[in-house]
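Residue numbering restarts at 1 for every chain, and letters A, B, ... go by the order of the sequence lines. Side-chain atoms are counted along with the backbone in the values below, which use heavy atoms only and exclude waters and symmetry mates. Values in this document were obtained by computation on a predicted structure and should not be read as measured data.
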Amino acid sequence: MRRENPEATPMMRQYLDIKARHQDAVVFFRLGDFYEMFYADAELAARELELTLTGRGSREHKMPMCGVPYHAADNYIARLINKGYKVAICEQVEDPALAKGLTKREVIKVITPGTLMDEKLIPGQAANYLAAITSADTKAETFGLAFADISTGVFKAAELHGLDNLRAEILRVDPKEIIYTAAENPAGLETLATRVEQPGLASAQKILAHFPSDTSRDFAFENSPLALQAAAAVFNYFKAAQKTELKQLTRLEFYLPQNYMYLDSASRKNLELTETIRGGSKTGSLYGLLDKTRTSMGSRLLKEWLCYPLLDQTEIESRYAAVGELLNDLVARAELNELLKDIYDIERLIGRITNGNANARDLVYLKESLRVIQSLTPVLKQFSAPLLAALQDSARQKTMQEICVLIDKAIIDEPPLLVTAGNIFRDGYNAELDELRKINR
DNA sequence: CGTTATTAAGTCGAAC
DNA sequence: GTTCGACTCAATAACG
């Protein structure tokens, strides 16, 4: 029997409830083998992703819907993120076969341009920063700025004076996403920006316990509470989006922008430091010209060095000494070149391992990279420049050796990408596994 | 009440 | 080689 105003079906009530809590994101609603989008989300996704817009429900009360199968969702999510949208992933959190009535569903993570973990979605050479801006009140001229890349674990905070300084610093950081606590976004850029509540000082201080203790850093934060509150805003935002413990964030650094050369946005642009004025491409910029780095870590570091020119004479000379020594030793340089090219993006590998979403191949890549690092030592020994000498010391040979041996003992050389594919562990690593394999044969 | 049809994009196999 | 259709799943409308 037809009703004039039928109540929403149980599933639609569940959906609307979840959607109400994620207004600013496209909700990927898991329905069996598909992620579905409804209403405005469906219209948006159909338009942006070229999906067929269809409907669900009775003919008189059909609601717009479109969807993609779960195994293909990554690509579609990536495309939405690249277009600057946020995506909330809503999964079935119980087995539908065991569920009484409707299967329970929950948003298990929110993906935004600044909270990406997925290797496929972020370009290797660039950092993927989420930045937070805090301020004391609407007319305040002092700002807290913090930014972090959850895929590499880099996490920094600073205090800035004046809107010009703030804007220049944000352009330098080049975040993919910004959160701010003022009524208006002080950055005023086209970057995706979200307003959040400013964390209280007491609650902000609690995040320091997450990181290894560092009294000089804590002292700096005591004098710059806005920087600490910005760091807390970043931390909280990550936590809400990822719904994990954020173990991959292992360091938090307080820095002083005045220790680096001030570059206003016009100078940055005109110098074409990292991108050309026309077209904004890396090719043709100073960075594009100088970037002969062999690893993703090197590429990101070079970019940082170019954006943060040193002012301190001792530091500059120390860097020159290292560069000079490398420049003069053609043979050693060639050797390093050869070795470095076999090192994978260790920062992001470790990020995935710590976060618990690494695959077996990531572990093999880590092993191979650590092996290469160990064979760097004899080459580095030829140098005397302090910066290069420090590299030998920082390489904790024993720990690296142990990790290599463990991975090598446990995992075959070319494991499958999927954990479910099996055939990951070596014979002889685990007696029980060997036994089970024998039975299976 | 129970059974069947419907709904998305991709994958696989079968037919051409 | 390419095209067509069945099938994937959960929810529910529509039918018997």
Side-chain angles (χ1 to χ4, degrees), chain A residues 1-113 116-122 241 243 352 357 359-362 414-424 440:
Chain A
M1 180 158 155
R2 253 181 253 158
R3 277 174 291 178
E4 291 301 311
N5 245 338
E7 286 176 37
T9 63
M11 190 188 74
M12 280 322 290
R13 261 182 276 139
Q14 184 188 44
Y15 170 79
L16 291 169
D17 186 43
I18 286 165
K19 178 62 195 174
R21 276 177 279 140
H22 296 277
Q23 307 261 11
D24 61 346
V26 176
V27 174
F28 269 51
F29 189 76
R30 182 72 181 258
L31 183 64
D33 268 4
F34 280 79
Y35 287 103
E36 311 280 25
M37 283 141 278
F38 297 105
Y39 298 110
D41 283 356
E43 281 156 19
L44 186 149
R47 195 172 56 241
E48 297 283 11
L49 303 172
E50 292 164 285
L51 293 171
T52 307
L53 188 64
T54 174
R56 210 180 155 77
S58 59
R59 216 158 274 117
E60 302 87 59
H61 300 98
K62 223 178 178 81
M63 56 238 182
M65 178 195 94
C66 66
V68 297
Y70 74 98
H71 56 264
D74 279 359
N75 284 323
Y76 291 100
I77 295 166
R79 282 162 62 191
L80 283 178
I81 299 301
N82 282 335
K83 286 166 186 277
Y85 295 104
K86 304 180 184 182
V87 177
I89 308 295
C90 175
E91 290 290 350
Q92 297 172 180
V93 292
E94 62 180 340
D95 187 336
L98 304 174
K100 281 192 202 148
L102 192 64
T103 307
K104 277 205 192 84
R105 292 183 170 82
E106 270 170 38
V107 171
I108 56 140
K109 65 177 164 183
V110 181
I111 303 171
T112 73
L116 287 179
M117 269 298 288
D118 198 329
E119 176 89 349
K120 285 167 288 183
L121 305 190
I122 12 183
K243 302 188 191 293
R352 284 206 296 283
N357 55 7
N359 57 45
R361 210 168 288 176
D362 289 333
E414 284 178 23
L417 261 172
L418 285 172
V419 184
T420 48
N423 237 342
I424 287 171
N440 200 23

Hey, is the main chain of A:Gly32 close enough, under 3.5 Å, to the side chain of A:Gln92 for a donor-acceptor pair?
yes
Please report the distance separating the P of C:dA6 from the corresponding atom of B:dA5, rounded so that it comes out in whole Å.
12 Å
Does A:Thr54 put a side-chain nitrogen or oxygen below 4.0 Å from OP1 or OP2 of B:dA8?
yes
Among B:dA8, C:dA13, C:dA11, find the nucleotide with the atom closest to the side chain of A:Met65.
B:dA8
Looking at A:Lys104, I'd like to know if its NZ atom is crowded, meaning that more than 12 non-hydrogen atoms belonging to other residues, nucleotides or ligands lie closer than 6.0 Å.
no
Measure from CZ on A:Phe29 to C1' on B:dT7 and round the result to the nearest Å.
14 Å
Would a distance-only check, ignoring hydrogens and angles, find a side-chain to backbone donor-acceptor pair under 3.5 Å from A:Arg352 to A:Asn357?
no
To the nearest angstrom, the NZ-P distance between A:Lys62 and C:dT12 comes to 15 Å
Evaluate the ring planes of A:Tyr15 and A:Phe29, with Trp represented by its six-membered ring, and classify them as parallel (under 30°), tilted (30 to 60°) or perpendicular (over 60°).
perpendicular
Using a cutoff of under 3.5 Å, can you pull out all pairs of nitrogen or oxygen atoms linking the protein to nucleotides 9-12 of chain B, with atom names and distances?
residue, atom, partner, partner atom, Å
B:dA9, OP1, A:Thr52, N, 3.0
B:dA9, OP1, A:Thr52, OG1, 3.2
B:dA9, O3', A:Tyr76, OH, 3.0
B:dG10, OP1, A:Tyr76, OH, 2.8

Take the protein atom CD of A:Glu43 and the nucleotide atom C1' of B:dA8, then report the distance between them rounded to whole Å.
16 Å
Mind listing the closest non-hydrogen atom pair of A:Ala25 and A:Lys19 along with its distance?
O-NZ, 2.6 Å
Within the side chain of A:Asp362, is there an N or O that forms a donor-acceptor pair under 3.5 Å with the backbone of A:Asn359?
yes
For the side chain of A:Thr9, starting at C-beta, report the closest nucleotide among C:dA13, B:dT7, C:dA10.
C:dA13
Students often get this wrong, so: under 4.0 angstrom with heavy atoms, is A:Glu36 touching a base, only sugar-phosphate, or nothing?
base
Rounded to whole angstroms, how far apart are NE2 on A:His61 and C1' on B:dT7?
19 Å
Nearest whole angstrom, please: distance from the P of C:dC9 to the CG of A:Asp95.
12 Å
Closest-nucleotide ordering on DNA chain C, the 5'-leading residue of A:Asp33 and A:Leu102:
A:Asp33
Quantified in whole Å, what is the P atom distance between nucleotide B:dG10 and nucleotide C:dA11?
23 Å
Gap between atoms OH and P, on A:Tyr15 and B:dT7 respectively (whole Å):
19 Å
Is A:Ser58 close enough to C:dA14 that one of its side-chain N or O atoms is under 4.0 Å from OP1 or OP2 there?
no
May I ask you to decide if A:Leu49's main-chain N or O and A:Arg79's side chain share a donor-acceptor pair within less than 3.5 Å?
yes
Using whole Å, report how far NZ of A:Lys100 lies from P of C:dA10.
18 Å
Can a donor-acceptor pair under 3.5 Å be found between the side-chain atoms of A:Arg56 and the base atoms of C:dA13?
no
Check this for me: does any side-chain nitrogen of one of A:Arg13 and A:Asp17 sit under 4.0 Å from a carboxylate oxygen of the other?
no
When you get a sec, tell me which of C:dA14, C:dA10, C:dT12 is the closest nucleotide to the side chain of A:Pro10?
C:dT12
C:dA10 C1' sits how many Å from A:Arg13 CZ, rounded?
17 Å
